[in-house]
Amino acid sequence: MRCFKHHSTDAVAVCACCGRALCPDCVQTPTATRIVCSSDCANALARDAKAVQLLLDKSAQSAKASAFYCYLTAALSAGASIAAWFMLPSPFLIYFTAACALVLFAAGFWYRRVARKHGLDA
Ligand SMILES: [Zn+2]
Ligand SMILES: [Zn+2]
């Protein structure tokens, strides 16, 4: 593979942004983890990284919100199963609401772990 600019020189790297082949002279950031051909490409990559980070933050926040709603509905289901225990002579309803509470609590726990993984303290 030859450099995209210097056709007689062998390429040693490829731009991480636009995919052009680069010779040692054309590599703009030899010390960076991702090699780029120009400052334009470096900026584009930095912008992408920022967008991804923003997306991750957002998903962590929504996971946090989901965890909260799971705990809330789990608490409501637990309350309903206790109410059913006292007010309804139906074991099925009691077991059903109790099972709902357990599943929702587990889901809330899982969402919380997802939020933690993304670096947000839930
Ligand atoms: Zn490039
Ligand atoms: Zn070159």
Side-chain angles (χ1 to χ4, degrees):
M1 197 158 51
R2 298 293 162 118
C3 173
F4 82 100
K5 218 188 270 171
H6 311 99
H7 296 281
S8 57
T9 316
D10 273 331
V12 295
V14 168
C15 174
C17 183
C18 62
R20 282 170 172 154
L22 306 170
C23 74
D25 285 345
C26 293
V27 172
Q28 291 286 308
T29 50
T31 53
T33 46
R34 303 180 81 180
I35 289 159
V36 291
C37 67
S38 62
S39 53
D40 279 351
C41 279
N43 287 340
L45 269 191
R47 219 173 29 236
D48 282 357
K50 236 184 194 166
V52 167
Q53 189 56 46
L54 220 73
L55 218 73
L56 282 179
D57 282 357
K58 244 187 185 162
S59 74
Q61 254 161 22
S62 71
K64 227 170 127 175
S66 300
F68 175 76
Y69 284 116
C70 280
Y71 280 138
L72 194 76
T73 44
L76 284 175
S77 297
S81 79
I82 291 166
W85 178 275
F86 286 113
M87 287 150 70
L88 296 167
S90 162
F92 170 76
L93 256 177
I94 297 164
Y95 291 139
F96 180 74
T97 46
C100 277
L102 278 179
V103 166
L104 285 165
F105 189 77
F109 185 77
W110 184 81
Y111 274 125
R112 229 172 111 141
R113 262 187 47 188
V114 169
R116 280 238 177 95
K117 224 195 217 160
H118 286 305
L120 272 185
D121 192 31

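T9 OG1 to F4 CZ: the interatomic distance, rounded to the nearest 0.5 Å, is 11.5 Å. Atom-to-atom distance recorded for L22:CG and M1:CE is 8.5 Å, nearest 0.5 angstrom. D10 CG to R2 CZ: the interatomic distance, rounded to the nearest 0.5 Å, is 4.5 Å. One distance of note links NE2 of H6 with CG of D25; it measures 6.0 Å at 0.5 Å rounding. A distance of 10.0 Å separates OG1 in T97 from CG in L102, rounded to the nearest 0.5 Å. If you take NZ on K5 and SG on C23, they are separated by 8.0 Å, rounding to the nearest 0.5 Å.
V14 is not connected to V27 by any chain of hydrophobic side-chain contacts under 4.5 Å among Ile, Leu, Val, Met, Phe, Trp and Tyr, and they are in different clusters. When the side chains of ILVMFWY residues are joined at heavy-atom separations under 4.5 Å, either directly or via intervening members, F86 and I94 end up in a single hydrophobic cluster. In terms of hydrophobic clustering, with Ile, Leu, Val, Met, Phe, Trp and Tyr side chains grouped at heavy-atom distances under 4.5 Å, I35 and V12 are assigned to a common cluster.
Here the closest heavy-atom approach between residue A67 and residue G108 is recorded as CB-O, 3.5 Å. Considering every non-hydrogen atom in both C15 and C18, the closest pair reads SG-N, 3.3 Å. Minimum heavy-atom separation, Y111 to A63: CB-O, 3.4 Å. Residues S77 and C100 come closest through the heavy atom pair OG-CB, 3.9 Å. What you find for A78 and A101 is that their closest heavy atoms are N-CB, 3.6 Å. When all heavy atoms are compared, the tightest approach of K64 to A115 is N-CB, 4.0 Å.
Shown here is F68, whose CZ atom has no more than 12 heavy atoms of other residues, nucleotides or ligands within 6.0 Å. At most 12 non-hydrogen atoms from other residues, nucleotides or ligands lie less than 6.0 angstrom from CZ of R113. Within 6.0 Å of CZ in F105 there are 12 or fewer heavy atoms belonging to other residues, nucleotides or ligands.
For the pair Q53/D57, a side-chain contact is recorded, criterion being any heavy-atom separation below 4.5 Å from C-beta on.
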